[in-house]
Amino acid sequence: MAAPVVWKTPGEVRAWVKSVQLLGQRIALVPTMGFLHEGHLSLMREGGKRAEVVAASIFVNPTQFGPQEDLSTYPRDAAGDLRRCGSAGVFGVYMPEPSTVYPGGYQTYVNVEEVSQGLDGDKRPGHFRGVATVVAKLLALFRPDVALFGEKDYQQLQVITRLNADLELGAEIIGMPTIRETDGLAMSSRNSYLSPDERRRALGLSRGLFAAQKAAAAGEADVAKLLALIRTELVGVQAREDYVELVDARKLTPLTVLEKGTPARALVAAFMGKTRLIDNVAIQLG
Ligand code: PAF
């Protein structure tokens, strides 16, 4: 596979987008923060099925990190990422500097109101404002026909779907299933922070979620009991809970009982040592 073209400025991207549009071709965009794993690559490959050309962005977006978070230590591997993009059929990768995206005097931010509240929105103040701002800028720049994101960041996917509709950016937003390691751990760039012991214990998150999913499918409608199943697993692996919630899958409002036919989602955020992990699964009352 050919090495992808690298764009560093919005002007370079705009010129490319114009040339693709002149040919009447469709663009798929996969925004990322790099340190790519199979989850990202699955989005790129899916993009290739839905559009003639696939573009990606690799940008560790400073505005979505809180002051105590891991911006400076976020894992990076530009050369490896470009190889992986090439192997997944990506034509070009936008890799701007922070000062290109947020030049001096920058003042414009996007705030998606309701779905940014609760869950990560409460635990990481300002996080979704940063995500919404950078994704709105990327969608406005690339004008993609489709943009693909992982369901692992489930609340982020709802925020992006809303902003794309509200700002009439015209992309089709595709949420793709979480890609897991063979033992069930959700793939994440942050898994690279885990020691071997933490990596083993991190399985408590997916085990708890799968236990709740199975119990709901077997007819358990009491949300408190389902949440207790997840918490038992977290306690068992000495993970520190940040939140455990069961919510309406679209509005993200907390539920107390499951109802047949109402799609729900169980979400967890927990610390393994210093590393904050998130995961979620669909919940359906059987
Ligand atoms: O999910 C991510 O990697 C980031 O939040 C995103 C969507 C690329 C915005 O920076």
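We count ligands from 1, going down the list as the structure has it; atoms in each ligand are counted the same way. In this text, all values refer to a predicted model and were calculated from it rather than measured experimentally.
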Could you tell me which atoms of ligand 1, counted from 1 in the order shown, lie closer than 4.0 angstrom to a heavy atom of Val134?
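The list of qualifying atoms is 9 (C), 10 (O).
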What residue and heavy atom of the protein are closest to atom 5 (O) of ligand 1, and at what distance?
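For atom 5 (O) of ligand 1, the nearest protein heavy atom is Gln156 OE1, 2.7 Å.
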To which protein heavy atom is atom 9 (C) of ligand 1 closest, and what is the distance rounded to 0.1 Å?
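It is Gln64 OE1, 3.3 Å.
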Could you tell me whether Thr32 and ligand 1 have an N or O pair separated by under 3.5 Å?
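Among all N and O atoms of Thr32, none is under 3.5 Å from an N or O of ligand 1.
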Pairing of Asp120 and Lys123 as salt bridge, 4.0 angstrom limit
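No salt bridge links Asp120 with Lys123.
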Note, Leu205 side chain near Glu233 side chain (heavy atom, < 4.5 Å):
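Leu205 does not reach Glu233 side chain to side chain.
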Decide salt bridge (Lys or Arg N to Asp or Glu O under 4.0 Å) for Asp81 and Arg84; before the verdict, give the C-alpha distance in whole Å, the side-chain angles of both, and the deciding distance to 0.1 Å.
CA-CA 5 Å; Asp81 282 348; Arg84 283 183 271 275; 3.5 Å; yes
Does atom NZ (Lys251) have a neighbourhood of more than 12 heavy atoms from anything else shown, all under 6.0 Å?
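Result for NZ/Lys251: open.
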